[in-house]
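Everything on this sheet refers to the single structure shown next.
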Amino acid sequence: MPHIKLINIVGARPQIIKASAIGRAIRSHFSDKITEILVHTGQHYDKELSEVFFEELEIHNPDYNLGVGSARHGRQTSMMIAGIEDVLLKEKPDCVLLYGDTNSTLAGALAASKLHFPVMHIEAGLRSFNKTMPEELNRIMSDHSSTLLFAPTKAAFENLIREGFIPENSPPFTLDNPKIYLTGDIMYDNSLYFAELAEKRKGLLLDTLSVKRGDFILVTIHREANTDDITRLEAILKTLKSLSEENKLTFVMPLHPRTTLSLKTKLESFYNELLDCKFIRIIPPVTFLEMTLLEKNSRMIITDSGGVQKESHFFRKPCLVLRKESEWIELIKNGTAVLVDANPKKIRHEFERFVNAGSELKYPGFYGDGKTAEFILKAIMGMFGK
Ligand code: UD1
Ligand code: UDP
C-alpha cells in the first residue's frame with residue numbers, strides 16, 4: 001500500500017519542538033505507512049531559536065528551508081505562502097500538518113487549502129478572544145481552512161463547536177465537511193519524554209548557572225504586546241527586579257531576541273541596571289532540555305508564553321501570566337496560573353501569594369495521556385482508509 005505523504009510545516013521555535021513529537025510517533029509506530037517531509041519557513045533563524053532543537057530533539061533536518069526571515073506580518077506571511085505553494089506543487093502531498101498559531105501556520109493553511117490539499121491543524125480551537133493579537137487571527141483563519149482539527153483541550157473543542165464545527169460529521173472529510181477531535185496536547189507527550197532525558201544529560205545549563213534547585217524564579221517574555229509596548233515591558237521588569245531584590249531570590253530570564261532588542265534599543269539604561277542586578281540572570285534562549293530542567297527545578301514561573309504556561313502545569317509550578325487573557329483557560333480556572341497582565345500591583349500580590357505555596361496547589365491532568373501524537377496520526381491514517 002502506498003505511504004501517506006505528509007508535509008509538516010514549521011517556522012517558529014514552539015512548532016519545531018511540537019514537530020518532534022509527531023516525528024517520534026511516526027518513527028516508532030507508523031514508519032511503514034507515513035512518509036514525512038519537513039518544511040521550515042525560516043521564520044526563526046537564530047541558532048538558539050531553531051537549529052539547536054533539531055539535534056537535541058531528534059528531528060530530521062528540514063527537507064526545505066524557505067529562508068523567509070523576519071519582516072512585517074503581511075510581507076513575511078506572503079513570502080511564506082509563495083514558498084510553501086511551490087513546495088506543495090512539487091511534492092503533491094496527501095495532506096499538510098500545521099502547528100499552533102504563528103504566521104507560518106497561517107501561510108501553510110492558506111497555501112494548502114487554496115490548492116485543495118487537506119490541512120490538519122494541531123492546537124485547533126484555542127482562542128484568547130482578543131483579535132489584536134496576531135496569533136488570534138492566525139488561529140481563526142487556520143481552523144477555518146482545515147479539514148481535520150485537533151483540539152488539545154475541552155475548552156478548545158467547545159470553541160470550535162461555537163464557531164459552527166459539527167462533532168458528528170461523518171466521512172468523507174473535506175474542507176466543507178471537516179472533522180474535529182479532542183486529542184490532548186502533544187507538548188505533554190514531549191515534556192514527559194524529554195524530562196526524563198534531561199535529568200540524565202550532564203552539563204546542561206542548570207548545572208553551570210549556580211542557582212539552587214527549587215530556589216529560583218524562571219521568567220520568559222516575548223509577546224508582541226509586551227516587547228513592543230515599552231511601558232508594559234518596563235513595568236513588568238521593574239516589578240520583577242524589585243521582587244528579586246526584596247526576596248533575595250534569583251530570577252533566571254532566558255530572553256527571546258526580540259525582547260533583548262527592545263531593551264537594548266529602547267530602555268538602554270534600565271537594561272544595564274538589570275544586567276548589574278545580582279539577582280537577575282538575563283541569558284540567551286536555552287535549548288528545550290535546558291528549559292525543561294529549569295522549569296522542573298524552579299519555584300515559580302512567570303511568563304507570557306503559551307507553551308511555558310502549560311509546562312508550568314506539567315511540572316506542578318505556580319505561574320504568573322503576563323497577559324490579560326489566556327487560551328489555556330483550564331489553568332486559570334484551576335487557580336495555579338493567574339493573569340497578572342503588566343500590572344505591578346497584581347504581579348506583586350500574586351507573587352507573594354505563590355512564593356511560599358506548596359502542596360495545597362493541585363495540578364489535575366488536563367492535557368491527555370502523553371500519547372496525543374499517536375492519536376492524531378491514527379486519525380490522519382483513518383481519513384485515508386489506513
Ligand atoms: C513568533 C510567533 C509567536 C510565537 C513565537 C514563538 C507570529 C506572529 N508570532 O513570535 O506566536 O509565540 O514566534 O517564539 O508568528 N528574531 C530574531 N531571530 C530570529 C527570529 C526573530 O532576532 O531567529 C527577532 C527579530 O527582531 C524579529 C522579531 O524577533 O523581528 C520577531 O520575530 P517573529 O518571528 O516575527 O515573531 P516572534 O516574536 O518570534
Ligand atoms: N523554550 C525553549 N527555550 C527558551 C524558551 C522557551 O526551549 O529559552 C520552549 C518552551 O519550553 C516551550 C516553547 O519553547 O516548549 C515555547 O515557545 P515560545 O514561548 O517561544 O512560544 P509560545 O509557546 O508562546 O508560542
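Because the structure is predicted, anything quoted here is derived from the model rather than measured. One is the number of the first residue; the rest follow in order along the sequence. One-based numbering, in listed order, for ligands and for the atoms of each.
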Would a single hydrophobic cluster contain both [Y] and [X], if residues Ile, Leu, Val, Met, Phe, Trp and Tyr are joined by side-chain heavy-atom contacts under 4.5 Å?
| X | Y | value |
| --- | --- | --- |
| Val321 | Ile301 | no |
| Ile180 | Met120 | no |
| Val68 | Leu49 | no |

Tell me which protein heavy atom sits closest to [atom], plus the residue, atom name and distance to 0.1 Å.
| atom | value |
| --- | --- |
| atom 23 (O) of ligand 2 | Gly307 N, 2.8 Å |
| atom 39 (O) of ligand 1 | His44 NE2, 2.6 Å |
| atom 7 (C) of ligand 1 | Gln43 NE2, 3.5 Å |
| atom 28 (C) of ligand 1 | Arg258 CB, 3.8 Å |
| atom 27 (C) of ligand 1 | Ser70 OG, 3.3 Å |
| atom 6 (C) of ligand 2 | Arg13 CZ, 3.6 Å |
| atom 25 (O) of ligand 2 | Pro14 CG, 3.6 Å |
| atom 18 (N) of ligand 1 | Asp46 OD2, 2.9 Å |
| atom 26 (O) of ligand 1 | Leu261 CD2, 3.9 Å |

Is ligand 2 under 4.0 Å from a heavy atom in the side chain of [X], in the backbone, in both, or in neither?
| X | value |
| --- | --- |
| Thr303 | neither |
| His256 | neither |
| Glu311 | side chain |
| Ile17 | side chain |
| Glu48 | neither |

Hey, would you say the His144 and Phe165 ring centroids sit under 6.0 Å apart?
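Judged by ring-centre distance (under 6.0 Å), His144 and Phe165 do meet the cut-off.
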
For atom 35 (O) of ligand 1, which candidate among Gln76, Lys47, Gln15, Glu48 provides the closest heavy atom?
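Checking each option, the heavy atom nearest atom 35 (O) of ligand 1 is found in Gln76.
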
Candidate with minimal heavy-atom separation from atom 15 (O) of ligand 1, of Asn103, Leu106, Asp304:
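That would be Asn103.
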
Hey, does His73 sit under 4.0 Å from ligand 1 if you only count heavy atoms?
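Under 4.0 Å: yes for His73.
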
Using heavy atoms and a threshold below 4.0 Å, how should the contact between [X] and ligand 1 be classified: side chain, backbone, both, or neither?
| X | value |
| --- | --- |
| Thr102 | both |
| Glu135 | side chain |
| His256 | side chain |
| Ser305 | neither |

Relative to each other, are the rings of [X] and [Y] parallel, tilted or perpendicular (30° and 60° limits)?
| X | Y | value |
| --- | --- | --- |
| Phe366 | His313 | parallel |
| His40 | Phe54 | parallel |
| Tyr188 | Phe314 | tilted |

Show the atoms of ligand 2 that are less than 4.0 angstrom away from any heavy atom in [X].
| X | result |
| --- | --- |
| Phe53 | 7 (O) |
| Arg223 | 22 (P), 24 (O), 25 (O) |
| Pro285 | 8 (O) |
| Met187 | 15 (O) |
| Val286 | 2 (C), 3 (N), 4 (C), 7 (O), 8 (O) |
| Glu295 | 11 (O) |
| Pro254 | 8 (O) |
| Ser305 | 16 (C), 18 (P), 19 (O), 22 (P), 23 (O), 24 (O) |

Is there side-chain contact between [X] and [Y], with heavy atoms separated by less than 4.5 Å?
| X | Y | answer |
| --- | --- | --- |
| Arg316 | Lys362 | no |
| Met80 | Thr41 | yes |
| Ile4 | Lys386 | yes |
| Leu267 | Ile230 | yes |

May I ask you to list the atoms of ligand 1 that are less than 4.0 angstrom from any heavy atom of [X]?
| X | value |
| --- | --- |
| Pro14 | 6 (C), 14 (O) |
| Ala12 | 13 (O) |
| Pro257 | 17 (C), 18 (N), 22 (O) |
| Leu49 | 19 (C), 20 (C), 23 (O) |

[X]-[Y] side chain donor-acceptor pair, cut-off 3.5 Å:
| X | Y | value |
| --- | --- | --- |
| Thr174 | Asp176 | no |
| Asn130 | Arg323 | no |
| Glu224 | His73 | yes |

Distance-only N or O hit between ligand 1 and Tyr45, under 3.5 Å:
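Yes: some nitrogen or oxygen of Tyr45 is under 3.5 Å from one in ligand 1.
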
If you measure every N/O of His222 against every N/O of ligand 1, is any gap under 3.5 Å?
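Between His222 and ligand 1 (N or O atoms, distance only) the closest approach is under 3.5 Å.
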
Would Asp304 count as a contact residue for ligand 2, given that I'm defining contact as a non-hydrogen atom of the residue lying under 4.0 Å from a ligand atom?
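For ligand 2, residue contact (heavy atoms, under 4.0 Å) with Asp304 is absent.
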
Has the side chain of Asp94 got a donor or acceptor atom that lies under 3.5 Å from a matching backbone atom of Lys5?
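Checked: pair present.
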
Please check this pair: side chain of Gln309 against backbone of Ser305, looking for a donor-acceptor N/O pair closer than 3.5 Å.
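Such a contact is found between Gln309 side chain and Ser305 backbone.
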
Nearest-0.5 Å distance that lies between atom CG in Asp86 and atom CD in Glu91
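Taking CG in Asp86 and CD in Glu91, the distance rounds to 12.0 Å.
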
Would you give the length of the straight line joining atom CG of Leu175 to atom CG of Leu148, rounded to the nearest 0.5 angstrom?
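Nearest 0.5 Å value for the CG-CG distance: 11.0 Å.
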
Does NZ or CZ of Lys248 come closer than 6.0 Å to the centre of the six-membered ring of Phe279, within 45° of the ring's axis?
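No, Lys248 does not sit over the ring of Phe279.
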
A cation-pi test, strictly: NZ or CZ of Lys131 under 6.0 Å from the centre of the six-membered ring of Phe129 and no more than 45 degrees from its axis. Yes or no?
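Cation-pi check for Lys131 and Phe129: fails.
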
Using the side chain to side chain donor-acceptor pair (under 3.5 Å) definition, which of the options Arg13, Glu135, Gln15 pairs with Thr102?
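The side chain to side chain donor-acceptor pair (under 3.5 Å) with Thr102 is passed solely by Gln15 among Arg13, Glu135, Gln15.
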
Using distance alone, decide if ligand 2 has a nitrogen or oxygen within less than 3.5 Å of any nitrogen or oxygen in Met291.
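No, no N or O pair falls under 3.5 Å.
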
